[in-house]
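Here is the naming used below: chain letters follow the sequence lines, and residue numbers restart at 1 for every chain. All heavy atoms count here, side chains included; hydrogens, waters and symmetry mates do not.
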2 protein chains.
Amino acid sequence: MNIGDVARSTGLPAKTIRYYEDIDLVTPARASNGYREYVEQDVHRLSFIQRARSLGFSIDECRLLLSLYNDKQRASSDVKSLALAKIDEIDRKIEELGSLRSTLKTLADHCHGNSRPDCPILEEMAKGVS
Amino acid sequence: MNIGDVARSTGLPAKTIRYYEDIDLVTPARASNGYREYVEQDVHRLSFIQRARSLGFSIDECRLLLSLYNDKQRASSDVKSLALAKIDEIDRKIEELGSLRSTLKTLADHCHGNSRPDCPILEEMAKGVS
DNA sequence: GCTAGTGGTTCCAGTCACTGGAAGGTCAAG
DNA sequence: CTTGACCTTCCAGTGACTGGAACCACTAGC
């Protein structure tokens with residue numbers, strides 16, 4: 001399996017797949033012509049990484065998850081606590097987004113929306129009333 | 001106000017504040033000794049940026065958000081439509097985060113979190129039931 | 001065998017938004 | 001007058017890619 005096929009089947013750009021080799025995440029064999037030769041297990045690891053990344057895990061966290069995945073003796077509690085920590089992180093982001101949203105909402109609600117430049121809420125914000 | 005005070009009151013590292021000057025986001029006056037001299041308005045701008053950044057807005061988006069209350073010449077309708085567009089963006093972000101969260105939550109809930117190696121979080125990432 | 005086209009290779013540079021560290025200037029306290 | 005905190009600039013590195021140049025390999029059609 002060449003890199004292009006792997007790219008198609010994992011949804012990862014070839015560039016990214018090469019980058020993952022650079023950082024020793026997935027290191028395929030090489031054919032006699034120098035092409036990367038991916039086997040099923042490589043593709044599997046790459047798909048795993050793709051999914052973990054899209055769930056917001058960092059590369060280092062992916063490395064950890066992969067090692068947990070490959071370690072048949074690992075405790076599922078390790079993975080669970082990692083996931084729970086991520087959930088906390090997400091909750092914090094959502095909360096902060098909500099607060100910026102309400103700031104902007106207040107702003108929008110108090111704007112006349114006409115062609116004059118006056119917008120008292122903006123003036124207040126500029127002065128420090130957040 | 002020196003950069004250290006500003007760092008303490010905004011929660012931004014001094015390094016970052018200097019970087020923001022580099023990219024012309026917040027450009028304080030200089031004292032005779034070369035020190036940066038921040039006024040209240042600078043601090044407020046920096047706090048706003050801090051908040052917006054922590055919510056995933058790019059520097060360029062921050063520039064746009066700042067223009068909401070910095071441009072005295074804008075029509076308030078411009079302000080309003082910009083704010084409303086941003087709110088839509090925030091809503092989309094919140095929704096995405098929410099779905100990420102629920103995926104992780106479901107997985108974590110089904111994980112026993114004990115010392116045995118079966119773990120639905122890893123299994124899901126391996127299989128690709130996203 | 002020649003050529004075109006696709007897909008592979010390496011390497012170097014750039015991106016974004018910082019972050020770290022060196023080398024040195026400034027200031028208030030003891 | 002020294003100590004130590006705080007400030008300055010500049011240069012380099014980070015994470016996770018991404019773009020591009022220059023070149024090699026394979027396949028299909030003529």
Between side-chain atoms of residues 4-14 of chain A and protein atoms elsewhere (two or more places apart, or another chain), which donor-acceptor pairs fall under 3.5 Å?
| residue | atom | partner | partner atom | Å |
| --- | --- | --- | --- | --- |
| A:Asp5 | OD1 | A:Arg8 | NH2 | 3.3 |
| A:Asp5 | OD2 | A:Asn2 | N | 3.1 |
| A:Thr10 | OG1 | A:Val6 | O | 2.8 |
| A:Thr10 | OG1 | A:Leu12 | N | 3.2 |

Requested in this report: Check the distance between C:dC18's P and B:Phe57's CZ and give it to me in whole angstrom.
Outcome: 14 Å
Query - Separation between CG of A:Leu25 and CZ of A:Arg63, rounded to the nearest 0.5 Å - result: 4.5 Å
Requested in this report: Rounded to the nearest 0.5 Å, what's the gap from NZ on A:Lys15 to CZ on A:Arg18? Could you check?
Outcome: 6.5 Å
Query raised in the report: Quick one: do B:Val26 and B:Val39 end up in the same hydrophobic cluster if we chain Ile, Leu, Val, Met, Phe, Trp and Tyr together by side-chain heavy atoms under 4.5 Å apart?
Result: no
Requested in this report: Run the salt-bridge test on B:Asp109 and B:Lys105 with the 4.0 Å N-O cut-off and return the result as yes or no.
Outcome: yes
**Report entry** A:Asp60 CG to D:dC17 P, straight-line distance once rounded to whole Å
**Finding:** 12 Å
Query raised in the report: If you measure from CZ on A:Arg53 to OH on A:Tyr20, what distance do you get to the nearest 0.5 Å?
Result: 5.5 Å
**Report entry** Atom pair OG1/CG of A:Thr16 and A:Asp22 - distance to nearest 0.5 Å
**Finding:** 11.5 Å
Query raised in the report: How many Å lie between CD on B:Glu21 and P on C:dC18, as a whole number?
Result: 15 Å
Requested in this report: Give a yes/no answer on whether the side chain of B:Thr16 brings an N or O atom under 4.0 Å of OP1 or OP2 in C:dA17.
Outcome: no
List, with names and distances, any nitrogen or oxygen atoms from the protein found under 3.5 Å away from nitrogen or oxygen atoms belonging to nucleotides 22-26 of chain D.
| residue | atom | partner | partner atom | Å |
| --- | --- | --- | --- | --- |
| D:dA25 | O4' | A:Tyr35 | OH | 3.4 |
| D:dC26 | OP1 | A:Asn33 | ND2 | 2.9 |

Query raised in the report: Is there a path of hydrophobic side-chain contacts, each under 4.5 Å between heavy atoms of I, L, V, M, F, W or Y residues, that connects A:Tyr19 with A:Tyr35?
Result: no
Requested in this report: Starting at atom CD of A:Glu37, determine the distance to atom P of C:dG7, rounded to an integer number of angstrom.
Outcome: 18 Å
Query raised in the report: What distance separates B:Ile90 CD1 from B:Glu95 CD, expressed to the nearest 0.5 Å?
Result: 13.5 Å
Distances under 3.5 Å between protein N/O atoms and the N/O atoms of nucleotides 1-5 of chain C, please, pair by pair.
none

Query raised in the report: Quick one: do B:Glu89 and B:Arg92 make a salt bridge, cutoff under 4.0 Å?
Result: no
Report task. Would you verify whether the NZ or CZ of B:Lys93 falls within 45 degrees of the ring axis of B:Phe57 while also being under 6.0 Å from that six-membered ring's centre? Result -> yes
Requested in this report: Take the protein atom CG of B:Asp22 and the nucleotide atom P of D:dT8, then report the distance between them rounded to whole Å.
Outcome: 12 Å
Report task. Determine which pairs satisfy salt bridge (charged side-chain N to carboxylate O under 4.0 Å, His left out) with at least one residue from residues 34-44 of chain A, sequence neighbours left out, and list them in order. Result -> A:Glu21-A:Arg36
**Report entry** Any B:Arg36 side-chain nitrogen or oxygen under 4.0 Å from OP1 or OP2 of D:dT9
**Finding:** yes
Requested in this report: Can you tell me the distance, in whole Å, between the OH atom of B:Tyr38 and the C1' atom of D:dC6?
Outcome: 14 Å
Query raised in the report: Would one find a side-chain N or O of B:Arg63 under 4.0 angstrom from OP1 or OP2 of C:dA17?
Result: no
Query raised in the report: When you measure from every atom of DNA chain D, which of residues 2-15 of chain B have a heavy atom less than 4.0 Å away?
Result: B:Asn2, B:Ile3, B:Gly4, B:Lys15
Distances for protein N/O vs nucleotides 28-30 of chain C N/O pairs under 3.5 angstrom?
none

Report summary line: Rounded to whole Å, CD1 of B:Ile23 lies from C1' of C:dA17 at a distance of 8 Å
Query - Distance, nearest 0.5 Å, that separates NZ of A:Lys80 from NE2 of B:His110 - result: 10.5 Å
Requested in this report: Let me know the distance between CD of A:Gln50 and P of D:dC17, rounded to the nearest Å.
Outcome: 10 Å
Query raised in the report: So, B:Thr27 side chain and B:Asp24 main chain: donor-acceptor pair closer than 3.5 Å or not?
Result: no
Query raised in the report: Between C:dT19 and B:Arg18, is there an OP1 or OP2 to side-chain N/O distance shorter than 4.0 Å?
Result: no
